[in-house]
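To start, the structure under review is shown below, and the notes come after it.
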Amino acid sequence: MPNNVIVLGTQWGDEGKGKIADLLTAKANMVVRSQGGNNAGHTLVVGKQKVVVRLVPSGILHPDCLCLIGSGVVVNPIALFEEIAELHKAGIPKVEERIKVSGASALLLPIHQAIDKAAEKKRGSKAIGTTGRGIGPCYEDKVARRGLRVGDLYDLDSFKEKLRALLEYRNFLLTSYYHESEVSFDSVLEQVMAVRDRLLNMVCDVSALLEQGRRSQQKILFEGAQGTFLDIDYGTFPYVTSSNTVAGGCVTGSGAGPLDIDYVLGIAKTYTTRVGGGPFPTELNDEVGEGIRQRGQEFGAVTGRPRRTGWYDAVAMRRAVTINSLSGLALMKMDVLDGLEEVKICTAYKFKDGTVSELPPLAASEYEGVTPVYETLPGWSESTFGVTSWDKLPENARRFILRLEELSHTKVAILSTGPERDQTIYLSDPFAD
């Protein structure tokens, strides 16, 4: 019986991972985040209550679930405690006591946000479309070995010395290259010191906790952020995030072992969305695309930006299945396609030289001139909203899903027909299969 399950996005993020993670954490003892930062917003709907979690794992809604933030996550301490305050206000019990943070996690500071915004501004029309939350610059400092970590807060003298050196370097870049105002040492130190003690009370060895959980047969959910095609190595570079969003990143960024994973559940919508710049072969810039955007409420949970919308892309999904070793798929927002006369699935990419490929390229530049090859299926007029049984779905909706499985080379395990927990069809259970 699977005890360790990864949940991750298989498109360009915003696939609905929050709902699925929330559903599965009802069975989990621990939920761990392993990459990204507060640029990843998961919207959870419970009854009439909507909760957006960013840094905090989705398991926080379950009072007996331990929520872990692994070493691969970049932690903005100010944002973390603002989020905790929001969760307290929403009536979620024992929030702070149930969150554990790796001391090896990188600290995201105000200087990183300033650099992020300045860099996007300088890129102009070639802006990547970051959230401006400083994620990329923080990872950059981590890899360059000049960044600070949560564990550095134990030794204040050393912390101040490292902070001063970091700000000296970053402020030179900020003022001399980007021509923006510098970020002061005193202001950063003051903000960090205001939450230092609370943050250090959360610090633990996340990898050791995961190993203890594995040995005692506890159920552990690894919660991915963003999506496969925002991966720094396998996404549409350079229009990507700054971490590894694939299954391998979940292992590295949490401290689990590769052979500890029992099941990898990929999340995808019945269509495709993307935020910011970058290639998007199936994008719909017409009334169909706008209809999907409005019915699906496709606006960013963190930024509020409208998402680009398009048809389901089986070409991209085949790559996602391979590089994540997907065990199954959770298909989201089935009801958004209700009422369309026809629905389409992208089955291949046609390049400008006439060649056709069933797998996507690995760099944004290689998408130039790509046109999608579509297979068109009849739509359905009946509502799928809230349906909880496969047999009660419209016949054409079932045919669409079965064909999607064939073209994507993977089976659908969970089908979501609405935002509520009970608006779900279970075809198999990742924690039981």
Note to self: Test side-chain contact (heavy atoms from CB on, under 4.5 Å) on Tyr234 and Thr228; report intermediate values, then the result.
What the structure shows: CA-CA 7 Å; Tyr234 297 102; Thr228 293; 5.5 Å; no
Checklist line | Point-to-point distance, once rounded to the nearest 0.5 Å, from CD1 of Ile111 to CG of Leu109 | finding: 9.0 Å
Check: Would one find more than 12 heavy atoms of other residues, nucleotides or ligands at under 6.0 Å from atom CD of Glu168?
Finding: no
Notebook entry, point to check: Which distance, rounded to the nearest 0.5 Å, do you find between the OG1 of Thr417 and the NZ of Lys392?
Noted result: 11.5 Å
Checklist line | Min side-chain heavy-atom separation Leu340-Arg295 under 4.5 Å | finding: yes
Note to self: Quick test of your reading of the model: are Arg170 and Asp141 salt-bridged, counting only N-O distances below 4.0 Å?
What the structure shows: yes
Item checked: Salt-bridge contact Glu283-Arg307 (side-chain N to carboxylate O under 4.0 Å) -> no
Margin query: Test your reading of the model: is there a side-chain donor-acceptor pair from Asn29 to the backbone of Lys219, 3.5 Å cut-off?
Written below: yes
Notebook entry, point to check: Under 4.5 Å between any side-chain heavy atoms of Val75 and Leu108, yes or no?
Noted result: no
Checklist line | Nearest-0.5 Å distance that lies between atom CG in Leu24 and atom CG in Asp429 | finding: 7.0 Å
Item checked: Beyond-backbone contact of Leu199 with Leu80, side-chain heavy atoms, under 4.5 angstrom -> yes
Notebook entry, point to check: Is a donor on one side and an acceptor on the other found under 3.5 Å between the side chain of Thr282 and the backbone of Gly310?
Noted result: no
Next item on the list: Output yes when a side-chain donor or acceptor of Arg146 lies under 3.5 Å from a complementary backbone atom of Ala165, and no otherwise.
Entry: no
Notebook entry, point to check: In Å, rounded to the nearest 0.5 Å, how long is the span from CE of Met202 to CG of Leu68?
Noted result: 12.0 Å
Next item on the list: Please check if atom CD in Glu161 has more than 12 non-hydrogen atoms from other residues, nucleotides or ligands closer than 6.0 Å.
Entry: no
Next item on the list: Answer yes when Glu211 and Arg215 have at least one side-chain N-carboxylate O distance shorter than 4.0 Å, and no when they do not.
Entry: yes
Check: Under 6.0 Å between the ring centres of Trp12 and Phe229?
Finding: yes
Note to self: So that I can tick it off, tell me whether Glu406 and Lys411 are bridged by a salt bridge, with the cut-off set at under 4.0 angstrom between side-chain N and carboxylate O.
What the structure shows: no
Next item on the list: Begin from the C-alpha positions of Leu23 and Thr424 and carry the test side-chain contact (heavy atoms from CB on, under 4.5 Å) through to its verdict.
Entry: CA-CA 10 Å; Leu23 286 172; Thr424 308; 3.8 Å; yes
Note to self: Could you walk me through whether Ser408 and Tyr312 satisfy the side-chain hydrogen bond (donor to acceptor under 3.5 Å, both in side chains) test, starting with their C-alpha distance in whole Å, then the side-chain angles of each, then the deciding distance to 0.1 Å, before giving a yes or no?
What the structure shows: CA-CA 10 Å; Ser408 303; Tyr312 183 89; 2.8 Å; yes
Next item on the list: Salt-bridge test for Arg319 and Glu358: reply yes if a basic N is under 4.0 Å from a carboxylate O, no otherwise.
Entry: no
Check: Do Val203 and Lys100 come within less than 4.5 Å of each other through their side chains, counting heavy atoms only?
Finding: no
Next item on the list: Examine distances only and state if a side-chain atom of Gln191 and a backbone atom of Val188 form a donor-acceptor pair shorter than 3.5 Å.
Entry: no
Notebook entry, point to check: Under the salt bridge (charged side-chain N to carboxylate O under 4.0 Å, His left out) criterion, do Arg54 and Glu86 qualify, and how do the steps go?
Noted result: CA-CA 11 Å; Arg54 302 169 186 87; Glu86 291 173 7; 3.1 Å; yes
Checklist line | Whether Tyr139 side chain and Gly36 backbone form a donor-acceptor pair below 3.5 Å | finding: yes
Notebook entry, point to check: Is a side-chain donor or acceptor of Asp152 paired with a backbone partner of Leu148 at a separation under 3.5 angstrom?
Noted result: no
Next item on the list: Work out which heavy atom in Trp380 is nearest to a heavy atom in Asp338; give both atom names and the distance.
Entry: NE1-OD1, 2.7 Å
Notebook entry, point to check: Shortest non-hydrogen contact from Ala397 to Thr384?
Noted result: CB-CG2, 4.4 Å
Checklist line | Minimum heavy-atom distance Glu96-Ile84, with the two atoms named | finding: OE1-CG2, 4.0 Å
Checklist line | Six-ring centre of Phe280, Arg274 cation under 6.0 angstrom, axis tolerance 45° | finding: no
Note to self: Distance check, rounded to the nearest 0.5 Å: Gln297 atom CD versus Ile292 atom CD1?
What the structure shows: 13.5 Å
Check: Is Lys344 close enough and on-axis enough to Tyr374, meaning under 6.0 Å and within 45°, for cation-pi?
Finding: yes
Notebook entry, point to check: Taking all non-hydrogen atoms of both residues, which atom of Gly59 and which atom of Cys67 are closest, and how far apart?
Noted result: C-SG, 3.6 Å
Check: Going by heavy atoms in the side chains, are Ile425 and Ile414 under 4.5 Å from each other?
Finding: no
Check: Less than 4.0 Å between a side-chain N and a carboxylate O, is that true for Arg398 and Glu395?
Finding: no
Margin query: Strictly distance-based, threshold 3.5 Å: is any side-chain N or O of Ser207 a donor or acceptor partner for the main-chain N or O of Gly255?
Written below: yes
Margin query: Counting C-beta onward and ignoring hydrogens, is there a side-chain heavy-atom pair between Leu265 and Ile6 closer than 4.5 Å?
Written below: no
Checklist line | Donor-acceptor contact present, side-chain Ser243 to main-chain Thr245, <3.5 Å | finding: no
Notebook entry, point to check: If you look at every heavy atom in Arg318 and Thr347, which pair is closest and at what distance?
Noted result: NH2-O, 2.6 Å
Check: Going through the checks in order, is the side-chain hydrogen bond (donor to acceptor under 3.5 Å, both in side chains) test met by Asn76 and His112?
Finding: CA-CA 10 Å; Asn76 179 332; His112 296 125; over 6 Å; no
Notebook entry, point to check: Can you check side-chain hydrogen bond (donor to acceptor under 3.5 Å, both in side chains) on Gln35 and Gln226, steps first, answer last?
Noted result: CA-CA 9 Å; Gln35 48 76 219; Gln226 289 91 31; 3.0 Å; yes
Notebook entry, point to check: Has the side chain of Arg98 got a donor or acceptor atom that lies under 3.5 Å from a matching backbone atom of Lys94?
Noted result: yes
Item checked: Within 6.0 angstrom of Phe159 CZ, more than 12 heavy atoms from elsewhere -> yes
Checklist line | Min side-chain heavy-atom separation Asp262-Val5 under 4.5 Å | finding: no
Checklist line | From CA spacing to verdict: side-chain contact (heavy atoms from CB on, under 4.5 Å), Val7, Phe222 | finding: CA-CA 6 Å; Val7 170; Phe222 295 76; over 6 Å; no
Notebook entry, point to check: Ion pair present between Glu298 and Lys269, side-chain N to carboxylate O less than 4.0 angstrom?
Noted result: yes
Next item on the list: Inspect the surroundings of CZ in Arg149 and state if more than 12 heavy atoms from other residues, nucleotides or ligands are less than 6.0 Å away.
Entry: no
Check: Sub-3.5 Å donor-acceptor pair from the side chain of Asn244 to the main-chain atoms of Val246, do we have one?
Finding: no
Margin query: Would you compute the distance between atom CD1 of Ile20 and atom OG of Ser58 and round it to the nearest 0.5 angstrom?
Written below: 10.5 Å
Margin query: Please determine whether side-chain contact (heavy atoms from CB on, under 4.5 Å) holds for the pair Leu210 and Asp260, giving the CA-CA distance in whole Å, both sets of side-chain angles, and the decisive distance to 0.1 Å.
Written below: CA-CA 10 Å; Leu210 292 172; Asp260 292 341; over 6 Å; no
Checklist line | Charged N-O contact under 4.0 Å between Glu120 and Arg123 | finding: yes
Note to self: Would you say that more than 12 heavy atoms from the other residues, nucleotides or ligands in this model lie under 6.0 Å from the CD of Glu190, or not?
What the structure shows: no
Item checked: Minimum side-chain heavy-atom gap Cys346-Trp311 below 4.5 Å -> no
Margin query: As a test of understanding, state which of Met332, Lys19, Gln11 forms a side chain to side chain contact (heavy atoms under 4.5 Å, CB included) with Ile267.
Written below: Met332
Next item on the list: Quick one: closest heavy-atom pair of Tyr263 and Ser428, and the distance?
Entry: OH-OG, 4.3 Å
